**Student:** 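One structure coming up, written as structure tokens, with questions to follow.
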Amino acid sequence: MKLTTRNALLALTLCLTPFSASAADHEVKMLNYGTEGSMVFEPSFLEVEVGDTVTFIPTNSGHNVRSYVAPEGVAAWNTPLDEKTTVIINQPGVYLYYCPPHLMMSMIGMIQAGEAVNRADLDQKAAKLRSKLVMKGERLDELLAQVK
Ligand SMILES: [Cu+2]
């Protein structure tokens with residue numbers, strides 16, 4: 001009897017392992033100067049799978065990450081300043097975030113997981129955000145153009 005239970009547990013473990021092994025972590029650096037200019041997230045656009053994680057790395061200091069658009073049911077994030085923080089992307093859709101100290105300089109980024117199910121909400125909120133981008137506002141248009 002004991003042996004049967006053990007075998008059943010082992011079989012279950014083997015079944016679950018491929019799923020947990022497929023979740024990837026993606027790194028986004030917070031930079032004062034990057035290949036796309038000053039005050040940037042790099043890469044600024046990420047395509048991930050649902051279940052993946054994204055880790056924000058404070059390569060330079062003075063930055064943090066606040067979620068602005070996220071699919072329904074996702075808890076908002078507002079990471080501590082200068083702290084490496086990992087978020088789990090557990091709902092399909094598009095996530096738009098920014099660095100609060102450098103919003104005017106368009107320090108923004110986007111994550112797409114699966115289908116862009118919240119596209120209408122994204123476009124509506126992005127239009128509101130656009131008016132707050134004093135410099136390099138075209139970065140938002142470039143990110144929106146990458147949504148599939
Ligand atoms: Cu910043």
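Just so it is clear, the model here is predicted, and its values are computed rather than measured. Indexing begins at 1, ligand by ligand and atom by atom, following the structure's order.
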**Student:** Run the salt bridge (Lys or Arg N to Asp or Glu O under 4.0 Å) test on Lys148 and Glu115 for me, step by step, so that the C-alpha distance in whole Å, both residues' side-chain angles and the decisive distance to 0.1 Å come before the verdict.
**Tutor:** CA-CA 7 Å; Lys148 288 171 188 166; Glu115 273 188 62; over 6 Å; no

**Student:** Would you name the heavy atoms of Lys128 and Tyr68 that are closest together and state the gap between them?
**Tutor:** CB-OH, 3.7 Å

**Student:** How many protein N, O or S atoms are found at a distance of less than 2.8 Å from the Cu ion (ligand 1)?
**Tutor:** 4

**Student:** Decide ring-ring contact (aromatic ring centres under 6.0 Å, His included) for Phe41 and Tyr98; before the verdict, give the C-alpha distance in whole Å, the side-chain angles of both, and the deciding distance to 0.1 Å.
**Tutor:** CA-CA 9 Å; Phe41 289 104; Tyr98 64 85; 9.1 Å; no

**Student:** What do you reckon, is NZ of Lys29 surrounded by more than 12 foreign heavy atoms closer than 6.0 Å?
**Tutor:**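 Not more than 12 within 6.0 Å, no.
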
**Student:** Answer yes or no: does atom CD of Glu138 have more than 12 heavy-atom neighbours from other residues, nucleotides or ligands under 6.0 Å?
**Tutor:**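 Above 12, so yes.
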
**Student:** So, Thr55 versus Asp25: side-chain donor-acceptor pair below 3.5 Å or not?
**Tutor:** yes

